[in-house]
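Written below as structure tokens is the structure these notes are about.
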Amino acid sequence: MSMINAAVVESFDEPPHFRSVPAPEPAPGQEEVEVLAVGVHPATRGIAAGKHYTSPKTLPALAGADAVVRRADGSLAYVMMMGAGTLAERIVIDPAAVIPVPDGADPAVLVATMNPALSSWGALRTRVPFQAGHSVLVHGATGNAGSMAVKVAKHLGAGRVIAAGRNRSRLGELAAEGADDIVALVPDQDATAAALAEAAADVDVVLDYVWGPPTELAMRAVLGARTQRTRLLDWVQIGGMGGDAITLSGHTLRSTAFRVLGSGFGSVDMQVMLREFTELVATIAAGGMAVRPHPFPLDRVEAAWAHQDAPGERTVIVL
Ligand SMILES: NC(=O)c1ccc[n+]([C@@H]2O[C@H](COP(=O)([O-])OP(=O)(O)OC[C@H]3O[C@@H](n4cnc5c(N)ncnc54)[C@H](OP(=O)(O)O)[C@@H]3O)[C@@H](O)[C@H]2O)c1
């Protein structure tokens, strides 16, 4: 039996381990591909820790949720394999689910950037009736996905983008990178609420990476400040850095034209996602939208899991 190197989750309480595993055997209709780079995103870590809705039901299981791969014809592709695993020298994929990557694209940059960037691209293009000229509040803008959301919203034609986050120096960078306004999320809740009310009272869309109690505060602040109560506000839950739950009163839902929805793996039809993300890959490959990869080799997967990304950086396993 031929063997390959891989990163295997053996326990949800430990990082994946570097192991030798049997080479994959493609079933009819599947394709075997060479893995070039895999992102270690919050979801990748959550899946390997048993805390994601796509976490494997049984262990051991291959770690990794996405990858840039080389196909048999030599072309590059981006694949998302939530829960199925990508961290091995070779994997089998469904050829109908690949996203083509232009020749010459850097696999590490692409895999570092795709997951953060697709969160806002998918939300704005598939979940809400977003139009050029609309205004967008990014709640939790200082992480990679939030920072990409500022760029993606601008790229897709947002008239005004407000970046709200905790990290002041990162907020300053976002202002230089295109945010029209910034809001510091500070421990003083009254100050945070006042700043959100002033900057974001009449936004059309909120892209929310925080959720939990900070979102309860932000919803109260923004909804309480709206000047036109019947102007539609779509509040899109994308990430849960501040908690997985909120309390939302019926009064809040009734008293303004306010919708709460989520955007993520499972909320959009796969064919629609593939079409949208093909355009996103091409946009990233063209430059101007990038998360900096922090590379580790596969045999240092445990060190990769222990590494804490600096702002603007994403751990990537390069094979
Ligand atoms: N649904 C989707 O399609 C999708 C796709 C990609 C990512 N996501 C989710 O989006 C979230 C962020 O991902 P990421 O790639 O940006 O991770 P990341 O680069 O690690 O950034 C997370 C950032 O969240 C900020 N944060 C944490 N707690 C916060 C709080 N209470 N208030 C405000 N900001 C807070 C931190 O910024 P500071 O320390 O600077 O405040 C941190 O840097 C994760 O939950 C991830 O799973 C969802």
Side-chain angles (χ1 to χ4, degrees), residues 39-46 109 112-128 130 134-156 158 160-186 192 195-196 199-200 203-219 221-222 233-244 246 260-265 267 280 283-284 288-294 308-315:
V40 183
H41 312 291
T44 318
R45 294 175 186 274
V109 172
T113 310
M114 263 308 276
N115 174 274
L118 65 78
S119 66
S120 48
W121 189 287
L124 291 176
R125 289 286 280 254
T126 72
R127 298 294 286 148
V128 297
F130 173 76
H134 277 176
S135 57
V136 177
L137 166 66
V138 181
H139 188 227
T142 54
N144 283 324
S147 299
M148 281 295 116
V150 173
K151 291 195 168 185
V152 165
K154 277 286 177 188
H155 176 84
L156 296 179
R160 190 160 166 268
V161 179
I162 302 125
R166 300 187 304 190
N167 181 328
R168 291 213 184 227
S169 68
R170 189 78 189 111
L171 284 178
E173 289 169 12
L174 290 173
E177 291 169 11
D180 299 287
D181 207 347
I182 55 171
V183 171
L185 303 177
V186 294
T192 296
L196 284 167
V203 291
D204 300 291
V205 181
V206 178
L207 301 177
D208 196 337
Y209 294 90
V210 184
W211 212 241
T215 287
E216 293 175 353
L217 176 84
M219 279 183 178
V222 172
L233 170 59
D234 277 312
W235 197 292
V236 191
Q237 197 278 340
I238 303 177
M241 301 307 297
D244 189 47
I246 63 163
V260 181
L261 67 167
S263 185
F265 199 77
S267 65
L280 175 58
T283 304
I284 294 169
M289 209 185 270
V291 171
R292 196 171 62 255
H294 186 106
Q308 286 205 328
D309 290 330
E313 172 186 273
R314 176 60 34 94
T315 298

Check whether any side-chain heavy atom of [X] lies under 4.5 Å from a side-chain heavy atom of [Y], and answer yes or no.
| X | Y | result |
| --- | --- | --- |
| Ser120 | Tyr209 | yes |
| Asp234 | His134 | no |
| Asn167 | Pro311 | yes |
| Trp121 | Met148 | no |

Quick one: does any side-chain atom of [X] pair with a main-chain N or O of [Y] as donor and acceptor, under 3.5 Å?
| X | Y | result |
| --- | --- | --- |
| Ser147 | Asn144 | no |
| Gln308 | Ala310 | no |
| Thr126 | Ala123 | no |
| Asp180 | Val161 | yes |
| Arg127 | Gly262 | yes |
| Thr113 | Val291 | yes |
| Thr44 | Val40 | no |

[X] [atom1] to [Y] [atom2] distance, which is reported to the nearest 0.5 Å:
| X | Y | atom1 | atom2 | answer |
| --- | --- | --- | --- | --- |
| Ile182 | Arg170 | CD1 | CZ | 12.0 Å |
| Leu207 | Ile238 | CG | CD1 | 4.5 Å |
| Phe265 | Asn115 | CZ | CG | 11.0 Å |
| Arg166 | Thr192 | CZ | OG1 | 11.0 Å |

Taking all heavy atoms of [X] and all of [Y], pick out the closest pair and write down the distance.
| X | Y | value |
| --- | --- | --- |
| Ile284 | Met289 | CG2-O, 3.6 Å |
| Val150 | Gly178 | CG1-C, 4.5 Å |
| Ala200 | Leu137 | CB-CD2, 4.0 Å |
| Thr142 | Gly165 | CG2-CA, 4.0 Å |
| Ala218 | His139 | CB-NE2, 3.8 Å |
| Val203 | Val206 | CG2-CG2, 4.0 Å |

Take Leu185 and Leu217 through the side chain to side chain contact (heavy atoms under 4.5 Å, CB included) test and state the conclusion after the steps.
CA-CA 10 Å; Leu185 303 177; Leu217 176 84; over 6 Å; no
Evaluate Val128 against Leu261 for side chain to side chain contact (heavy atoms under 4.5 Å, CB included), listing each step before the verdict.
CA-CA 9 Å; Val128 297; Leu261 67 167; 4.2 Å; yes
Residues two or more places apart in sequence or in another chain: which of them pass salt bridge (charged side-chain N to carboxylate O under 4.0 Å, His left out) with Arg160?
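Partners of Arg160 under the salt bridge (charged side-chain N to carboxylate O under 4.0 Å, His left out) test: Asp181.
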Take Met219 and Ile246 through the test side chain to side chain contact (heavy atoms under 4.5 Å, CB included) and record every step on the way to the result.
CA-CA 10 Å; Met219 279 183 178; Ile246 63 163; 3.8 Å; yes
Within residues 204-217 or reaching into it, pairs that qualify as salt bridge (charged side-chain N to carboxylate O under 4.0 Å, His left out) - sequence neighbours excluded
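Output for this query lists Asp204-Arg231.
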Under the side chain to side chain contact (heavy atoms under 4.5 Å, CB included) rule, what do Val186 and Arg168 come out as? Steps first, then yes or no, please.
CA-CA 10 Å; Val186 294; Arg168 291 213 184 227; 3.3 Å; yes
